[in-house]
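One structure is given below, encoded as structure tokens.
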Amino acid sequence: LRPRLIERLNEGLLGKLTLISAPAGFGKTTLVSEWIAGCGRPIAWLSLDEGDNDPTSFLAYLVAALQTIAANIGNGVLAILQSPQPPSIESILTTLLNEITTIPDHFVLVLDDYHVIDSKPVDEALTFLLKHLPPQMHLVITTREDPQLPLARLRARSQLTELRAADLRFTPSEAA
């Protein structure tokens, strides 16, 4: 158990984004799993892989994750994504964001293993999402390298909580 890190994650709920960035083996996913078990908020979890570099796939899986919290969220978005000429990603995300605002409870969306994403359109979609994030939604990203997101802007606005390798290292008492 890592109460000091759980406390930092709880404090991070006041902002838009919690970024947990460290090399493999530092326990990022384990920490988030431990935290969500006791955070008291609904959780949407999306474990990413290389196939999610396609913006359409990414958005479809994002909607599927959100539907674990509210079953009817994003049904229209999924239909639009399947159309032969889907509209711009921003208009699709605007529709999704409008639907997310109808979720009454505060909740957390976890994007696990974001380092596998190497797609500017997905980064741009996530940047748009963060810029317009509804107040009841908090985003957690676990990654081995910093994503191409406006981290400096979020940091300057006190909307970013960061846990890095130095934070994830065990203290002597935790190791004991």
Side-chain angles (χ1 to χ4, degrees), residues 1-53 57-58 61-71 73 100 103-120 122-123 125-176:
L1 297 176
R2 321 236 358 236
R4 67 185 172 86
L5 297 178
I6 299 298
E7 184 177 327
R8 292 262 314 268
L9 290 170
N10 286 331
E11 290 168 359
L13 289 171
L14 298 174
K16 287 185 174 189
L17 173 65
T18 298
L19 177 69
I20 304 170
S21 181
F26 270 75
K28 301 175 291 292
T29 301
T30 302
L31 173 65
V32 174
S33 297
E34 175 189 335
W35 172 63
I36 65 173
C39 90
R41 291 188 178 191
I43 306 295
W45 186 290
L46 177 53
S47 294
L48 299 165
D49 62 36
E50 288 81 11
D52 298 323
N53 278 296
S57 296
F58 176 80
Y61 288 124
L62 179 66
V63 167
L66 291 170
Q67 287 178 338
T68 64
I69 293 174
I73 292 295
I100 290 170
I103 298 174
D105 300 321
H106 287 267
F107 70 95
V108 176
L109 170 63
V110 177
L111 299 178
D112 191 27
D113 291 335
Y114 195 82
H115 57 272
V116 301
I117 300 297
D118 186 22
S119 166
K120 187 172 177 148
V122 172
D123 289 337
L126 197 55
T127 298
F128 183 85
L129 181 70
L130 273 168
K131 185 176 182 182
H132 303 284
L133 202 69
Q136 70 268 41
M137 182 175 172
H138 181 77
L139 182 62
V140 174
I141 296 176
T142 68
T143 183
R144 293 180 187 171
E145 57 190 43
D146 283 3
Q148 297 299 309
L149 301 173
L151 298 178
R153 183 182 321 135
L154 291 166
R155 198 177 288 123
R157 294 179 180 167
S158 299
Q159 297 174 330
L160 172 65
T161 298
E162 299 174 85
L163 292 175
R164 303 287 181 166
D167 301 304
L168 295 174
R169 286 189 178 99
F170 286 106
T171 64
S173 63
E174 289 170 342

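If you read the sequence from its start, that first residue is 1, and numbering goes on from there.
- With hydrogens and angles ignored, the 3.5 Å screen pairs no side-chain donor or acceptor of His138 with any backbone N or O of Leu14.
- Residue pairs satisfying the salt bridge (charged side-chain N to carboxylate O under 4.0 Å, His left out) criterion with at least one member in residues 156-169, sequence neighbours excluded, are listed as follows: Arg8-Asp167, Asp146-Arg164, Arg155-Glu162, Glu162-Arg164.
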**Study point:** Criterion side chain to side chain contact (heavy atoms under 4.5 Å, CB included) on Val108 and Thr18, from CA distance to verdict
**Key:** CA-CA 10 Å; Val108 176; Thr18 298; over 6 Å; no
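- Within the 4.5 Å cutoff, side-chain heavy atoms of Leu126 are placed close to those of Leu139.
- No more than 12 heavy atoms of other residues, nucleotides or ligands sit less than 6.0 Å from atom CD of Gln148.
- Remark: side-chain polar atoms of Thr143 are not paired, donor with acceptor, to backbone N or O of Ser21 under 3.5 angstrom.
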Exercise for review: Walk me through it: do Asp123 and Tyr114 pass the test side-chain hydrogen bond (donor to acceptor under 3.5 Å, both in side chains)?
Suggested key: CA-CA 10 Å; Asp123 289 337; Tyr114 195 82; 2.6 Å; yes
Practice item. Given side chain to side chain contact (heavy atoms under 4.5 Å, CB included), test Ile6 with Leu31 step by step and report yes or no. Key: CA-CA 8 Å; Ile6 299 298; Leu31 173 65; 4.0 Å; yes
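- Here CD1 of Ile141 is found 12.0 Å from CG of Asp113. Values are rounded to the nearest 0.5 Å.
- No side-chain heavy atom of Ile69 sits under 4.5 Å from any side-chain heavy atom of Asp105.
- One N or O on the side chain of Gln136 and one on the backbone of Ile103 form a donor-acceptor pair closer than 3.5 Å.
- In this structure, CG on Leu5 lies 9.0 Å from OG1 on Thr171, to the nearest 0.5 angstrom.
- Contact of the Arg144 side chain with the Lys28 side chain is registered, since non-hydrogen atoms from C-beta on lie closer than 4.5 Å.
- In this structure, CG in Leu130 is found 6.0 Å from CG in Leu154, a value given to the nearest 0.5 Å.
- Taking 4.5 Å as the limit, some side-chain heavy atom of Ile20 sits within range of a side-chain heavy atom of Leu168.
- Residues Ser57 and Gly51 come closest through the heavy atom pair CB-O, 3.8 Å.
- Between Thr68 and Trp45, the closest side-chain pair of non-hydrogen atoms is not below 4.5 Å.
- No side-chain heavy atom of Val32 sits less than 4.5 Å from a side-chain heavy atom of Asp112.
- Leu17 is not listed as a side-chain neighbour of Leu133, based on a closest heavy-atom distance of 4.5 Å or more.
- Between Pro147 and Ile117 the shortest side-chain heavy-atom distance does not fall below 4.5 Å.
- Here OG1 of Thr142 is found 14.0 Å from CZ of Phe26. Values are rounded to the nearest 0.5 Å.
- The heavy-atom pair separating Ala165 from Pro23 by the smallest distance is CB-CD, 3.9 Å.
- Atom CH2 of Trp35 is separated from atom CD1 of Ile43 by 5.5 Å, given to the nearest 0.5 angstrom.
- Heavy atoms of other residues, nucleotides or ligands lying less than 6.0 angstrom from CZ of Phe128 number more than 12.
- Atom CG of residue Leu62 and atom CD of residue Gln67 lie 10.0 Å apart, to the nearest 0.5 angstrom.
- Of all the heavy atoms in Ala65 and Ala44, the pair that sits closest is O-CB, 3.3 Å.
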